[in-house]
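Notes follow the structure.
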Amino acid sequence: VAVSAGNESNSVLDFPAQQETIIQHFNQITAGNIMKMSYLHPEENDYFFDDADALVDWASANGLSVHGHTFIWHSDYQVPDWMTGYGGDFAALLNDHVTTIASHFADTVVESWDVVNEGIDETEDDCYRDSLFYQRVGADYIENAFRAADAADPDAELYYNDYSIEDGNSDKFACLLQIVEGLLADSVPIDGVGFQMHVQIDSPDTGAMAIAFQEIVDLGLKVKITEMDVPLNNPYSGEPFPQYTEFTAAEAELQKQRYHDIVETYLDVVPVDQRGGITVWGLWDSDSWLLSMPERAGSDDWPLLFTAPGPEGPFAPKPALQGFGDALMGM
């Protein structure tokens with residue numbers, strides 16, 4: 001499950017009910033923000049590890065592993081200003097960035113990393129997003145990052161991570177295959193592909209997901225679902241929005257089935273030794289990042305597995321959690 005930490009609101013380290021629920025139901029956490037580059041590398045010659053170290057230490061003390069997220073991400077608000085204006089050897093800079101962070105967390109419970117996040121743009125001729133990193137280094141920045149991470153922490157599993165790749169029939173998935181197959185052809189140390197899995201309640205269908213998973217399995221790579229959530233309302237459907245204004249028993253059952261079917265598809269297609277695991281992007285509905293998306297215009301939604309804690313303490317599981325669990329148990 002993805003968590004907030006550091007000085008973010010709802011930090012897991014300040015929220016005992018959240019800790020209790022996570023320890024009971026999950027065995028791995030991902031930092032939603034504090035292990036991204038602007039947090040860990042705020043100035044050229046300054047790395048800040050205090051908040052991330054505190055989270056990793058808490059995970060270790062409670063028998064949890066950590067999935068690192070992420071060495072390189074294009075988003076403007078997550079690229080530090082000094083890096084945007086850097087005038088030196090940019091490829092060397094990125095390699096040092098990855099090496100320093102990977103080395104710091106080697107030999108801890110950080111057992112895997114999203115090395116590069118969202119480097120694809122299927123509308124470009126060569127499939128690469130026109131990010132700062134691509135502009136300054138070219139396509140080699142992805143290969144370089146994997147090689148640097150592997151050299152710094154040979155035991156960590158290394159993933160390429162992206163959104164909207166769970167439809168095996170899409171142009172974006174075709175771009176993913178092109179890039180990943182190129183990395184493998186050049187003997188780049190990539191261990192797997194991370195499917196963010198920010199899906200809709202009715203799309204894409206699980207048949208398309210099965211095609212995507214199978215293609216990655218056939219390449220000999222691991223498949224990890226890294227950021228899963230299942231909202232009920234879809235602002236991109238072309239239908240009046242929101243489609244649902246209340247979370248009734250009927251909607252809960254619909255969502256329960258959707259979670260079940262995605263997890264079932266993952267387990268059916270991906271062999272045990274190629275499963276990187278499944279991460280849900282947040283613990284409880286009202287803390288989901290989706291609620292702040294401008295496309296959702298402030299509408300309610302209920303995309304996660306728990307509701308907020310009541311006066312008694314722990315978070316309340318939703319039917320979606322049972323659907324998830326049923327799939328894990330083959331029910």
Side-chain angles (χ1 to χ4, degrees), residues 1-8 11-13 19 22-23 26-75 78-80 82-83 92-119 133 141-162 188-194 196 221-222 224-227 276-281:
V1 65
V3 300
S4 297
N7 61 3
E8 296 181 289
S11 168
V12 65
L13 300 186
Q19 295 176 22
I22 289 170
I23 292 166
F26 299 91
N27 67 354
Q28 185 177 80
I29 58 172
T30 300
N33 280 303
I34 66 163
M35 293 175 75
K36 293 172 180 170
M37 61 197 329
S38 64
Y39 287 80
L40 294 186
H41 198 176
E43 301 292 341
E44 180 180 351
N45 298 310
D46 180 25
Y47 288 84
F48 177 74
F49 291 112
D50 292 3
D51 290 342
D53 285 346
L55 182 65
V56 170
D57 289 346
W58 177 81
S60 179
N62 289 283
L64 303 165
S65 64
V66 176
H67 176 65
H69 179 75
T70 169
F71 293 126
I72 297 177
W73 186 34
H74 68 89
S75 186
Q78 287 292 359
V79 178
W82 70 266
M83 190 177 287
L93 160 68
L94 282 181
N95 288 347
D96 182 71
H97 167 82
V98 173
T99 297
T100 301
I101 295 171
S103 298
H104 180 85
F105 291 105
D107 302 319
T108 71
V109 292
V110 180
E111 63 179 27
S112 55
W113 280 96
D114 293 327
V115 176
V116 175
N117 189 47
E118 301 176 6
F133 318 114
Y141 86 89
I142 297 179
E143 174 180 338
N144 294 348
F146 275 93
R147 293 194 188 281
D150 182 64
D153 187 359
D155 295 328
E157 290 185 353
L158 305 178
Y159 290 84
Y160 174 81
N161 191 54
D162 220 317
V188 174
I190 178 174
D191 294 298
V193 170
Q196 290 185 11
L221 295 174
K222 288 196 168 188
K224 186 175 182 72
I225 293 176
T226 55
E227 304 183 19
I278 302 175
T279 296
V280 181
W281 203 247

Q. G194 and N161: which non-hydrogen atoms are nearest, and at how many Å?
A. O-OD1, 3.1 Å
Q: Could you pull out the closest heavy-atom pair between T279 and A2, with the gap in Å?
A: CG2-N, 4.0 Å
**Q.** Nearest heavy-atom neighbours spanning A5 and S11
**A.** CA-OG, 3.4 Å
Q. With a 4.5 Å limit on heavy-atom distance, are the side chains of W113 and I101 in contact?
A. yes
Q. Looking only at heavy atoms, which two atoms of L158 and P189 are closest? And how far apart?
A. CD1-O, 3.5 Å
Q. Under 3.5 Å, is there a donor-acceptor pair between the side chain of H74 and the main chain of F133?
A. no
Q | Approximate separation, where rounding is to 0.5 Å, of T30 OG1 and D114 CG | A | 7.5 Å
Q.
Using side-chain heavy atoms (C-beta onward) and a distance below 4.5 Å, is V3 in contact with W58?
A. no
Q: Specify the closest pair of heavy atoms between I190 and L221, including all atoms of both residues, with the distance to one decimal.
A: O-CD2, 3.3 Å
Q | N/O donor-acceptor pair under 3.5 Å between K224 side chain and G276 backbone | A | yes
Q. Does the side-chain contact (heavy atoms from CB on, under 4.5 Å) test come out yes or no for Y39 and D51, once each step is laid out?
A. CA-CA 9 Å; Y39 287 80; D51 290 342; 5.9 Å; no
Q. Nearest 0.5 Å, what's the CG-OG distance between L13 and S4?
A. 10.5 Å
Q | F146/Y160 aromatic ring centres below 6.0 Å | A | no
Q: Flag yes if more than 12 heavy atoms outside D46 fall under 6.0 Å of its CG atom; otherwise flag no.
A: yes
Q: Test side-chain contact (heavy atoms from CB on, under 4.5 Å) on Q19 and V12 and set out the steps.
A: CA-CA 6 Å; Q19 295 176 22; V12 65; 4.0 Å; yes
Q) Distance from D53 atom CG to S60 atom OG, nearest 0.5 Å? A) 11.5 Å
Q. What closest approach, in Å, do D153 and A102 show between heavy atoms, and which atom pair accounts for it?
A. CB-O, 4.0 Å
Q.
Once you measure the plane-to-plane angle for H67 and Y159, does it fall in the parallel (<30°), tilted (30-60°) or perpendicular (>60°) bin?
A. perpendicular
Q: Give a yes or no on whether the backbone of E111 and the side-chain of E157 come within a donor-acceptor separation of less than 3.5 Å.
A: no
Q: Answer yes or no: is there a side-chain heavy-atom contact under 4.5 Å between S75 and K36?
A: no
(Q) Counting neighbours of CG on N27 that are heavy atoms of other residues, nucleotides or ligands and sit closer than 6.0 Å, is the number greater than 12? (A) no
Q | Euclidean distance, H97 NE2 relative to L40 CG, rounded to 0.5 Å | A | 7.0 Å
Q | W82 (side chain) donor-acceptor with P42 (main chain) under 3.5 angstrom | A | yes
Q) Quick one: CG on D50 to CG on L55, what's the gap to the nearest 0.5 Å? A) 13.0 Å
**Q.** Criterion side-chain contact (heavy atoms from CB on, under 4.5 Å) against I278, the qualifying member of T226, I225, V1
**A.** I225
Q. Is any side-chain heavy atom of M35 closer than 4.5 Å to a side-chain heavy atom of V110?
A. yes
Q: Give the intermediate values and the outcome of side-chain contact (heavy atoms from CB on, under 4.5 Å) for residues I72 and V98.
A: CA-CA 8 Å; I72 297 177; V98 173; 4.2 Å; yes
**Q.** Counterpart residues, side chain to side chain donor-acceptor pair (under 3.5 Å), relative to S38 (two or more places apart)
**A.** Q78
(Q) Whether the side chain of H41 engages the backbone of E44 through a donor-acceptor N/O pair (distance < 3.5 Å, no angle test) should be reported. (A) yes
Q | Pairwise distance CG(D57) to CG(N62) - rounded to 0.5 angstrom | A | 11.0 Å
**Q.** Any side-chain heavy-atom pair of P80 and M37 under 4.5 Å
**A.** yes
Q | Derivation of the side-chain contact (heavy atoms from CB on, under 4.5 Å) call for L64 and V109 | A | CA-CA 7 Å; L64 303 165; V109 292; over 6 Å; no
Q: Indicate the ring-plane relationship of W73 and H69, choosing parallel, tilted or perpendicular according to the 30° and 60° boundaries.
A: tilted
Q.
Please verify the inter-ring angle class for F49 with H104; under 30° counts as parallel, over 60° as perpendicular, anything in between as tilted.
A. parallel
